[in-house]
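Naming: A, B, ... by sequence-line order, numbering from 1 per chain.
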There are 2 protein chains.
Amino acid sequence: MNNEGAGARNARNSGSDRIGRRATMSDVAARVGVSRQLVGLVFRNEAGVGVETRNRILAAARQLGYSPNTAAQSLRGSSTRSIGVIFNPYELTPLDILSRIYEHAATAGYRVLVSTTTETRTEQVAIDELVGYRCEALILIAPKAGFVELRRAIGPTPVVVVGRGMPGSDFDVVRSQGADGMDGMVRHLASLGHRSICYVHCLDVLDSDVRLGGYRRAMAGLGLEQRVIELSGDFTEEAGARAAELLMSGGDLPGAVMCNNDLAASGLSHRLLQFGLHCPRDISITGYDDNRIAGLSYLDLTTVCQDPNEMARAAVEAAVARAAGSAGLPREIFTGARLVIRSSTAAPSV
Amino acid sequence: MNNEGAGARNARNSGSDRIGRRATMSDVAARVGVSRQLVGLVFRNEAGVGVETRNRILAAARQLGYSPNTAAQSLRGSSTRSIGVIFNPYELTPLDILSRIYEHAATAGYRVLVSTTTETRTEQVAIDELVGYRCEALILIAPKAGFVELRRAIGPTPVVVVGRGMPGSDFDVVRSQGADGMDGMVRHLASLGHRSICYVHCLDVLDSDVRLGGYRRAMAGLGLEQRVIELSGDFTEEAGARAAELLMSGGDLPGAVMCNNDLAASGLSHRLLQFGLHCPRDISITGYDDNRIAGLSYLDLTTVCQDPNEMARAAVEAAVARAAGSAGLPREIFTGARLVIRSSTAAPSV
DNA sequence: AGTACATACTAGCACGAGCCAGTGAGCTGT
DNA sequence: ACAGCTCACTGGCTCGTGCTAGTATGTACT
């Protein structure tokens, strides 16, 4: 009964309208009356298929709701043509970078697989998932774990880290010229007449070390006194608010406060308003990242745009190169940082 | 040369230290000197493997850095045991839901595949990706497209929509009791002595229609005059700020403003401060969602917690049930909404 | 008429793992 | 001594697709 000769295979395939089962290439082929391989040629957009046949195949595929099975493609293909991305979705900058990664990867012919970290989902778990799918390279945006730990979890897959240094690793690194950005910011404030410029240094921020270095260098270069408020914790608006309280209780208010991220600037600005201090009338405030909130009309933050698009482009480029087998020493790529002047900075009131 | 009899297969397998190639079950088996099937039994945690053999297999797997190939599992297995989730990562509530979805899906033995929408990445593209991976069910958090469009893109896969109604569809729907939440909020404000309660109605928010309905019902029930400011656009803080401007130019200020989301409340609060109005001294402000920002010390928003965990649980449960083939009419599940009273509401100043 | 070659299509193996149906060794009971 | 059974393990087919190596058919050129 189950041995009907050559017809058996086709019989199985055409009996495919089993509930929930997706159409396969064989289903499409059977419908048109050609071989499965020909359908494959059409979907891979290869030459050597008659125009009329191609159209009939495409029509049948549409009718049957055929869509290629990615798992089968990954399994059979010599490469999976996919890049994995790991990030914390609660931070805005990584999100901006992610959306650009999608675009650049598509251009390069790569698929993007996303795996997020959360409070309860560790980097280890996120990595395992992507390794399971055999991504050809991973892009880690602001990872928390160290090199050894990450490398052990990831195995032989190439890695690109964005927004954080990885000294001594074999990872490629993409970070913005945070030092230059902060340097430019200090000069901007100085040119407005500010001499008392305080810096709010939130740890747990992309490239926070580099940014602080830029502030210090620029202040030293101008012969100005450095004043740094260091804060930790993930809730960066809260950090800004705490900075506001420290400033208010500190006696002498600075003319300008530079925050190393926009969220902190937002919290700072809000909290200072509650103390009756208006920005920029009473105090100038700056952010960093040029996130969505920096452009809000009531904040209108002077900030530094670290060009998520450029970071994404560099990261994808590095990932694709490694996926294609490029050897060589790990590279460190610095992307540009551009000062964005808005209305939260003005000449000091004194 | 390539016909060495029975040894050929093993030769291929053990020649596996080709650069970048991941170990497979066969590699592990060859290392231990057992069959591939036995390795499979170990990794599927099935009975019938000797204790010592099992340990040797696990040790070899660790040494070789073996990890199961998800694509192969999906392809071969009778089911892919994966649920796809589509959402816009720039909104906070979907993020809260997502992180819980990961947990509930894991409990149910399902993998989660994430595909985000962005300004440049349409729902269509996000759907195609997940369909390609043959997710057994999709969870769409606050999708923009309509039923017909979504169903066409998705094909026969079951769908659960979160945070939005889908009248006339065959999708399961999970939404919070937004009406009850708003009702409770109105009563809370009324009990503080407020009679002039304005409502900021941002469209493009989860269940915005239901929430507005709750406000209207409660106000009508108390015999209070309804005052609704309707705003559209994605940038919800901006919407709150615009509402503040409308209120200031309107002449008579309400004693309390209810926003249908926390971000708008934040923007409103900030902008009102710039006009010199302090919350809650001069005006009470409420949000909705109990997002991260609602808990910020300087906002400390009275809001409604719609329990992302509960929504995630319900969504995963529905998705898993459908994936397992449960038939029946589409269900609409309402999850609870709980009033969270903080310090942004107080008795009116007059 | 025969060679050369392009065009349109097909056969068959392979990817890595799941799953069903075995197989052989050792033990028990009669 | 032999059936009956469990335990530990293996053979072999399969999922849906990519890829290499083909086979027909026609058309052009010597």
Side-chain angles (χ1 to χ4, degrees), chain A residues 2-3 6 8-10 12-13 16 18 20-30 32-57 61 64 66-81 111 131-134, chain B residues 2-3 6 8-10 12-13 16 18 20-30 32-57 61 64 66-81 131-134 136:
Chain A
N2 64 12
N3 207 352
R9 183 177 182 87
N10 282 333
R12 181 173 53 72
N13 287 336
S16 63
R18 213 167 66 231
R21 187 173 160 294
R22 289 265 174 187
T24 68
M25 280 192 175
S26 298
D27 297 328
V28 176
V32 178
V34 296
S35 70
R36 177 188 62 73
Q37 288 75 1
L38 200 59
V39 178
L41 290 181
V42 170
F43 273 86
R44 267 171 284 143
N45 244 317
E46 292 188 19
V49 183
V51 179
E52 201 227 349
T53 316
R54 160 172 263 121
N55 286 337
R56 280 169 56 215
I57 288 175
L64 294 174
Y66 169 75
S67 88
N69 183 320
T70 310
Q73 289 179 323
S74 294
L75 183 58
R76 180 56 189 109
S78 48
S79 69
T80 62
R81 294 203 78 75
R111 194 178 292 131
V131 168
Y133 280 104
R134 297 293 185 271
Chain B
N2 64 11
N3 207 354
R9 185 178 182 87
N10 283 332
R12 180 171 52 72
N13 288 337
S16 65
R18 214 167 65 231
R21 186 173 161 293
R22 288 265 173 185
T24 68
M25 280 193 176
S26 297
D27 297 328
V28 176
V32 179
V34 296
S35 70
R36 177 186 63 72
Q37 288 75 0
L38 200 59
V39 179
L41 290 181
V42 170
F43 273 87
R44 267 171 284 143
N45 244 315
E46 292 188 21
V49 184
V51 178
E52 200 227 348
T53 316
R54 160 171 264 123
N55 286 336
R56 280 169 56 215
I57 287 175
L64 294 175
Y66 169 74
S67 88
N69 184 320
T70 310
Q73 289 179 323
S74 294
L75 184 57
R76 181 56 188 101
S78 49
S79 69
T80 63
R81 294 203 77 76
V131 167
Y133 280 103
R134 297 294 185 269
E136 297 178 52

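Between A:Gln73 and the phosphate of D:dT17, there is no side-chain N or O to OP1/OP2 separation shorter than 4.0 Å. The phosphate of D:dT17 (OP1 or OP2) has a side-chain N or O of A:Tyr66 nearer than 4.0 angstrom.
Counting to the nearest Å, the C1' atom of C:dG16 and the CG atom of A:Leu75 are 5 Å from each other. One atom, CG of A:Asp27, and another, C1' of D:dT17, lie 13 Å apart when rounded to the nearest Å. Atom OH of B:Tyr133 is separated from atom P of D:dG16 by 17 Å (rounded to the nearest Å). With rounding to whole Å, A:Ile57 atom CD1 is found 10 Å from C:dC9 atom C1'. As a whole-Å value, the separation of B:Glu46 CD from C:dA17 P is 15 Å. Taking atom CE of residue A:Met25 and atom P of nucleotide D:dC19, one finds them 11 Å apart after rounding to whole Å. Across the protein-nucleic acid pair, B:Phe43 atom CZ and C:dC19 atom P stand 16 Å apart, rounded to whole Å.
At its two ends the helix from C:dA1-D:dT30 to C:dT30-D:dA1 runs along axes set 60° apart, each axis drawn from five pairs and the angle rounded to 10°.
Between the OH atom in B:Tyr66 and the CD1 atom in B:Ile57 there is a gap of 11.0 Å [rounded to 0.5 Å]. How far CG of A:Leu64 is from CE of A:Met25: 13.0 Å, rounded to the nearest 0.5 Å. Separation of atoms CG (A:Leu75) and CG (B:Asn69) is listed at 6.0 Å; rounding is to 0.5 Å.
Judged as a salt bridge (Lys or Arg N to Asp or Glu O under 4.0 Å), and not counting sequence neighbours, B:Glu52 has no contacts. Every side-chain contact (heavy atoms from CB on, under 4.5 Å) that B:Arg54 has, sequence neighbours left out, goes to B:Val42, B:Asn45, B:Val49, B:Leu58. Every salt bridge (Lys or Arg N to Asp or Glu O under 4.0 Å) that B:Arg44 has, sequence neighbours left out, goes to B:Glu46. In this structure B:Arg134 satisfies the side-chain hydrogen bond (donor to acceptor under 3.5 Å, both in side chains) test together with A:Ser67, sequence neighbours excluded.
With hydrogens and angles ignored, the 3.5 Å screen pairs a side-chain donor or acceptor of A:Arg111 with a backbone N or O of A:Thr80.
Taking every side-chain heavy atom of B:Arg76 into account, D:dC15 is the closest of D:dC19, D:dC15, C:dC15.
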Across nucleotides 6-12 of chain D, 5' to 3', mark each nucleotide with B, S or - according to how protein heavy atoms within less than 4.0 Å reach it.
--BSBBB
Stepwise, does the side chain to side chain contact (heavy atoms under 4.5 Å, CB included) test hold for B:Arg36 with B:Thr24?
CA-CA 9 Å; B:Arg36 177 186 63 72; B:Thr24 68; over 6 Å; no
